[in-house]
Amino acid sequence: MGAVLVHIDLDGDRPHPSSLAALAAGRAVASSWGATLYAALVIHDPTDRGTADSTGQISHGHVPGVETVRAALARGGADKVVVAITDAPVSSLWASVGGAWQGVLDHLRPRLVLFGADAPSASEVGPRTGARIGARLLVRARAVGLDHVELRDRDGGYVRANDGGAAVVLVGATKPTHIGDDDIDLVVLAMPGGADNRIEIAGSVPAEVSHGSGTIVAIDDASAGDAQIMGAATRLASLLGASVIRSSATPLAPELCVAIGSLSIDLAGAASLIRIGHPGGKHVDGSIPGLPGPALLELVKTLEDV
Amino acid sequence: MKRPRAQSEPTLGGGVAVWLGSSAPARSIRWLDGTLAAAAKFGAVTAVAAGDPTWLDLAADRANRAGLASAGVPTELQLDYLGWAQVMAAVARQLDASTILVDEASRPERFPEVAAIAELLDAAQLTHVVAISPDHTKDRGSVIHASRVAGTELQTCRIRGPVVIGVRIAGPAIEEYPTPMPSASMKRLELAALGLDPVVLGHRALPPRTGQPARKTVERVAEHLSMHVIPRAPKGP
């Protein structure tokens, strides 16, 4: 059975919660399939530690600054941790981490690679990883099953133990857990090559909602005037990490939009649309007709209990 | 694991192409129009689509209205992201294009094709781009300035060299558009002429799935939304 590899993004000096969720899904899959679960991350080290040749240097042991991460990944269920060291500054772009990440793929030759769907680099690095290893790609899938665990997305796609070929999965709907030991092996790969200098980040500013990504909760004026509905909408937005908007004159291209009430919203075709208090229609992934208040409250309670 | 470049594969030139995908936009064509308008800033550009004749005619019509040339690959295949990337990469080589823009807003299955096309062309990639501007100056050479959304940040990037860019730019609102007529100006490219064997390409075919009916209950909607609930860090040290 090939390796199960989980890509870990960092949030400060700790693993990103979405990456830990992917690790929890990976733990369930690896235990069921009899595979070794690797958690791998790319970190920046400008000191040029042994990157003189073009093959990458492998060592076991200590990397300053990653003990907190190693402990968190161990508790999250990883069997082994791989740290790829690059002399390029790490960002969410394939251009900055792709070279070092390639070293991890070459070293482990994984059969299954998992990313947290909401981790910063998932949308850039996940599909490119799939293309590089010729893998199927599932977006927002979860681990299901007890004895025979599989990964399944909401459109009916799945990855099972007896499938042929590799798969890359962006994991959603999984809670991070504390299940493993504190002490596990750490493998260090010192990767030469640095960043792809064809792309350079010149700067960054806070994004506006109209720039479009992530999740949006849109609410019509009548619903927003009801304190109970507005409160439920705010709780829903908090669960989904979403912005709440009243209306938008500009077209939007989020990954998901939950529209409450009968407002009209101009969405790109790539967005998934859920309507509450509306009968739905064409290009709507789900809808709950009738008054929005009771359905929204029940929906929020259900999601909070998940 | 990286696919070695075949000796006979031509290298990429300096042209620009736009990949419009393998089926018509899901809700609105304004994002397709926006991508074409963004591409028009680059000068001589070819818009590329693949799929059934109705979609190819629509793509050619919108490209024509934006002042762009068009090419279409007629096929009945239903492929995954790697399959369509093979098609677009073959067209890019045929057109000698080194800058590829991809309309990643019109359909959900399009965004992974950015990475897959870039991989096959050994190009850099940039996704979630919301503004783009080519800059040709004598002292700095050809540079593309792009703004991309990364979570809650808007990053400004400079791009040099072969690149595939996923674009999310809306054009003007369009309530209705005339039914496109079969295009005489669209260049038709058969798979075989691109060096692609439909039987081999069929290995990337998607398995037929029953269409997902719209979710109509709180439980079904909650199941859908649960995939988007933001994970919180586990309690403990």
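Just so it is clear: chains get the letters A, B, ... in the order the sequence lines come, proteins before strands, and each one is counted from 1. None of the values given here were measured: they were computed from a predicted structure.
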Checklist line | Which atoms of B:Leu225 approach chain A - backbone, side chain, both or neither, heavy atom under 4.5 Å | finding: both
Margin query: Donor-acceptor pair, distance only, cut-off 3.5 Å: does the side chain of A:Ser121 make one with the backbone of A:Glu124?
Written below: no
Next item on the list: Tell me, for B:His128 versus chain A, whether the close heavy atoms (under 4.5 Å) come from the side chain, the backbone, both or neither.
Entry: side chain
Check: Is it true that the side chains of A:Ser272 and B:His228 contain a donor and an acceptor less than 3.5 Å apart?
Finding: no
Notebook entry, point to check: What part of A:Leu296 lies closer than 4.5 angstrom to a heavy atom of chain B: side chain, backbone, both or neither?
Noted result: neither
Margin query: Looking at chain A, which one of B:Ala115, B:Pro25, B:Ala170, B:Gly34 has the largest number of heavy-atom pairs inside 4.5 Å, strictly under?
Written below: B:Ala115
Checklist line | N/O donor-acceptor pair under 3.5 Å between A:Asp163 side chain and A:Gly165 backbone | finding: no
Check: Hey, is the main chain of A:Ala271 close enough, under 3.5 Å, to the side chain of B:Arg27 for a donor-acceptor pair?
Finding: yes
Notebook entry, point to check: Measuring heavy-atom distances to chain B, does A:Ser92 have an atom under 4.5 Å in its side chain, in its backbone, in both, or in neither?
Noted result: side chain
Item checked: Atom of A:Arg142, atom of A:Gly172 and distance for their closest heavy-atom approach -> CB-O, 3.7 Å
Next item on the list: Against chain A, label B:Arg110 side chain, backbone, both or neither, depending on which of its atoms sit under 4.5 Å from a heavy atom there.
Entry: neither
Margin query: What part of A:Ala95 gets within 4.5 angstrom of chain B, counting heavy atoms only: side chain, backbone, both, or neither?
Written below: neither
Next item on the list: Give a yes or no on whether the backbone of B:Gly21 and the side-chain of B:Trp84 come within a donor-acceptor separation of less than 3.5 Å.
Entry: no
Next item on the list: Measure distances from B:Thr127 to the heavy atoms of chain A and classify the residue's part below 4.5 Å as side chain, backbone, both or neither.
Entry: both
Margin query: Under 4.5 Å from any heavy atom of chain A, what part of B:Thr152 do you find: side chain, backbone, both or neither?
Written below: backbone
Notebook entry, point to check: Does the side chain of B:His224 reach to within under 4.5 Å of the side chain of A:Asp285, using non-hydrogen atoms?
Noted result: yes
Notebook entry, point to check: Quick check: does any side chain N or O of A:Ser19 sit under 3.5 Å from a backbone N or O of A:Pro15, one acting as donor and the other as acceptor?
Noted result: no
Margin query: Is A:Ile274 in contact with chain B via its backbone, its side chain, both, or neither, using a 4.5 Å heavy-atom distance?
Written below: side chain
Margin query: Taking side chain as everything from C-beta outward and backbone as N, CA, C, O, which of these in A:Leu240 sits under 4.5 Å from a heavy atom of chain B? Side chain, backbone, both or neither.
Written below: both
Checklist line | Side chains of B:Lys216 and A:Ser287, donor plus acceptor under 3.5 Å | finding: yes
Margin query: Less than 3.5 Å apart, any donor N or O on the side chain of B:Asp57 or B:Thr54 sitting next to an acceptor on the other?
Written below: no
Next item on the list: Could you look at A:Thr68 and say if it's the side chain, the backbone, both or neither that has a heavy atom under 4.5 Å from chain B?
Entry: neither
Item checked: Top contributor to chain A interface from B:Ala118, B:Ser147, B:Ala116 [non-hydrogen pairs under 4.5 Å] -> B:Ala118
Notebook entry, point to check: Looking at B:Tyr177, is B:Arg62 sitting on its ring face, NZ or CZ under 6.0 Å from the six-membered ring centre and within 45 degrees of the normal?
Noted result: yes
Next item on the list: Considering only heavy atoms and a distance below 4.5 Å, find which of A:Leu20, A:Val284, A:Thr215, A:Leu93 pairs most often with chain B.
Entry: A:Leu93
Margin query: Report which part of B:Glu219 has an atom under 4.5 Å of a heavy atom belonging to chain A: side chain, backbone, both, or neither.
Written below: side chain
Notebook entry, point to check: Checking heavy atoms, do the side chain of A:Thr302, its backbone, both or neither come under 4.5 Å from chain B?
Noted result: side chain
Notebook entry, point to check: Relative to chain B, which segment of A:Val258 carries a heavy atom at a distance below 4.5 Å: side chain, backbone, both, or neither?
Noted result: side chain
